[in-house]
Chemist: 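What follows is a structure written as structure tokens; I'll ask about it next.
In what follows, every chain begins at residue 1, and chains take the letters A, B, ... in the order their sequences are listed. What you see below is based on every heavy atom in this structure, not just the backbone, and it leaves out hydrogens, waters and symmetry mates.
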Protein chains: 2
Amino acid sequence: MGTTQLETVPEPKYWHLKTVLSEALDSEFSVGEILPNERDLAARFGVARATLRQALEQLELEGRLQRRRGVGTTVAPPRMGVAVGTEQRAWPGVAGDTWQLADCAMAAPPAAVAGILESLQGEQVYTVRRSRVTRGQPVAAELLYVPASSVPGLSAVDTRSGTARARSVLRELQRLELEGQDSAVELGSARAEDAKELDRLPGAPVLVVTTRFFAEGRTAAVSVATYRADTCRLTFGDSGGIEIHDGPERRAS
Amino acid sequence: MGTTQLETVPEPKYWHLKTVLSEALDSEFSVGEILPNERDLAARFGVARATLRQALEQLELEGRLQRRRGVGTTVAPPRMGVAVGTEQRAWPGVAGDTWQLADCAMAAPPAAVAGILESLQGEQVYTVRRSRVTRGQPVAAELLYVPASSVPGLSAVDTRSGTARARSVLRELQRLELEGQDSAVELGSARAEDAKELDRLPGAPVLVVTTRFFAEGRTAAVSVATYRADTCRLTFGDSGGIEIHDGPERRAS
DNA sequence: CAGTGGTCTAGACCACCGG
DNA sequence: CGGTGGTCTAGACCACTGA
């Protein structure tokens, strides 16, 4: 029949709870404020702690909350806009950006990266680790893969420390004329290694940005950058990014 | 002391479980294959169902699995590359792309969008709903906000159906010379409305792409597109996207 | 209808942080 | 040390799918 579904739909408790909490965050809390602990909140709403947690998890996923073990749950500031693709192409690490060099080693790249680089099985590439810090917060951990053939000026046997070596790899890379680049963004979960750098627990949701750099008619380098999904909004394109003036004003309780 | 942390770290069960399952997916299952049900799997690994589910949730988040109520859990195909930003700028809906027009109405935009459009409080804009289908699968639901001032050729009182009206809004928009565009990507969870269009449950993880279109020295339109995070890899830049040849070959069990 | 994944409960213990 | 969030259990019932 053409009945228009009279909606007996019982909304899940955690979903309703999320909505209620979300509105409370807008109207009764200010950024940085600490929420009551999970056991109290659950009791207050008359649900099991697991159900309450399901609602909090979603709000954290949406960047509204920040939870830290041993500390508590706080109201998160609006997400930071982080530029990851600019119209004017640029090699990584150029100019005054916010990357901090960490390390460099020769290694065989993971299979997925090897496929992009079209490198031979087992071929070694320079693997530069960096981390990106914005407004004092770690926002991304990156692995940059550079085949030795892209930076012929370097000797493979290099006794300098990892950091110095990383610096010279980037410097050599910038000698090449960059012909283009493209990126892909997908959702992932933080590996244990990245999680530590990002100050999150393993498995935390992250945005994985894979960028190919083209020079001399081929893929000269590949970057795999892991951004915190809870605190970051990735911006691409002409301008510096979109400033979102979001919803009602946040006032203190 | 300088002890190098002998790592008593007890890895969470669900994390270990996820690793085991992930390897099993690579070696013993092929795309589309149905996994044993959750109760059986939990029993087989000697954990509670909730713990098993925590592992499955992560694998689904990473696009490795697909779960559907009443059906079962299947091995997901690799994520689709979906182009969302091209070097050559283009108005939305131009040429032979995969968007399906759905609807159009005049409405006051949400606060966040109003801020971007710099529109006056309460000003009405054309709101075009579209959905994007790739390889037979719904991948995105979009709301396109077009201030009436961007499409002066249209009469505000229009008796035609929503779809026809949507078409004419896009046609009028394409008359303008596009001067630039930029996008932002962030993680969100599907609103009930979008979830239905994307064939997912409410709250499912999505990638929200906010795009500004510039013309005549101002922001002429804003698009807010909601992509399925589990099945999509968003691509930006010169080329058609990165084809990932991922890990070991998948073979049937 | 039987079987699936989705929701929910009421507990327990653990890892971590700060005072 | 006490308090926080993180993990885990063993159940129960519900909503949906397909035969």
Chemist: Please report the distance, rounded to the nearest Å, between CG in A:Asp199 and P in C:dC16.
Modeler: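 Taking atom P of C:dC16 as the reference, CG of A:Asp199 is at 13 Å.
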
Chemist: When you get a sec, tell me which of D:dG5, C:dC17, C:dT7 is the closest nucleotide to the side chain of A:Val71?
Modeler: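 Looking only at heavy atoms from C-beta outward on A:Val71, the closest nucleotide is C:dC17.
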
Chemist: For a quick check under 3.5 Å, do B:Gln66 and B:Thr74 share a side-chain donor-acceptor pair by atom type?
Modeler: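 Result is no, nothing qualifies.
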
Chemist: How are the rings of B:Trp99 and B:Tyr227 set relative to one another: parallel (under 30°), tilted (30 to 60°) or perpendicular (over 60°)?
Modeler: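 Perpendicular, since the angle between the ring planes exceeds 60°.
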
Chemist: Is any NZ, NE, NH1 or NH2 atom of the basic residue among A:Arg53 and A:Glu38 found under 4.0 Å from an Asp or Glu carboxylate oxygen of the other?
Modeler: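 So A:Arg53 pairs with A:Glu38 through a salt bridge.
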
Chemist: Hey, does A:Leu187 have a side-chain heavy atom less than 4.5 Å from the side chain of B:Arg79?
Modeler: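 B:Arg79 vs A:Leu187: side chains touch.
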
Chemist: In this structure, how many angstroms lie between the C1' atom of C:dG6 and the CG atom of B:Asn37, rounded?
Modeler: 14 Å

Chemist: Categorize A:Arg68 for me: base, sugar-phosphate, or nothing, with a 4.0 angstrom heavy-atom threshold over every strand shown.
Modeler: sugar-phosphate

Chemist: How many whole angstroms separate atom CD1 of B:Ile34 from atom P of D:dG18?
Modeler: 11 Å

Chemist: Just the rounded figure in Å: distance from P of D:dT7 to CD of A:Glu57.
Modeler: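 Computing the A:Glu57:CD to D:dT7:P distance gives 9 Å.
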
Chemist: Is the distance from OP1 or OP2 of C:dT7 to the nearest side-chain N or O of A:Tyr14 less than 4.0 Å?
Modeler: yes

Chemist: Rounded to the nearest angstrom, tell me the gap between atom CH2 in A:Trp15 and atom P in C:dG6.
Modeler: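 Taking atom P of C:dG6 as the reference, CH2 of A:Trp15 is at 15 Å.
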
Chemist: B:Gln54 CD to D:dT7 P: how many Å, rounded?
Modeler: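 That distance rounds to 6 Å.
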
Chemist: Checking A:Arg191 now: which residues fulfil side chain to side chain donor-acceptor pair (under 3.5 Å) with it, not counting sequence neighbours?
Modeler: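 If we apply the side chain to side chain donor-acceptor pair (under 3.5 Å) test to A:Arg191, skipping adjacent residues, the hits are A:Glu193, A:Asp194.
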
Chemist: For B:Arg49, I'd like to know if atom CZ has over 12 heavy atoms of other residues, nucleotides or ligands within 6.0 Å.
Modeler: yes

Chemist: Any side-chain N or O of A:Thr73 less than 4.0 Å from the OP1 or OP2 oxygen of D:dG5?
Modeler: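 For D:dG5, OP1/OP2 do have a side-chain N/O of A:Thr73 under 4.0 Å.
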
Chemist: I'd like to compare against my own output: the B/S/- annotation of nucleotides 9-14 of chain D with a strict under-4.0 Å heavy-atom distance to protein.
Modeler: B--BB-

Chemist: Side chains of B:Thr231 and B:Thr134: closer than 4.5 Å at any heavy-atom pair?
Modeler: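 They are not in side-chain contact.
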
Chemist: Give the rounded distance in Å between these two atoms: CZ of B:Arg53 and P of D:dG6.
Modeler: 19 Å

Chemist: With sugar-phosphate meaning primed atoms plus P, OP1 and OP2, does B:Leu56 contact a base, only sugar-phosphate, or nothing at under 4.0 Å between heavy atoms?
Modeler: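 No contact.
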
Chemist: To the nearest angstrom, how far is B:Asp40 atom CG from C:dG5 atom C1'?
Modeler: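 Roughly 13 Å, once rounded to whole Å.
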
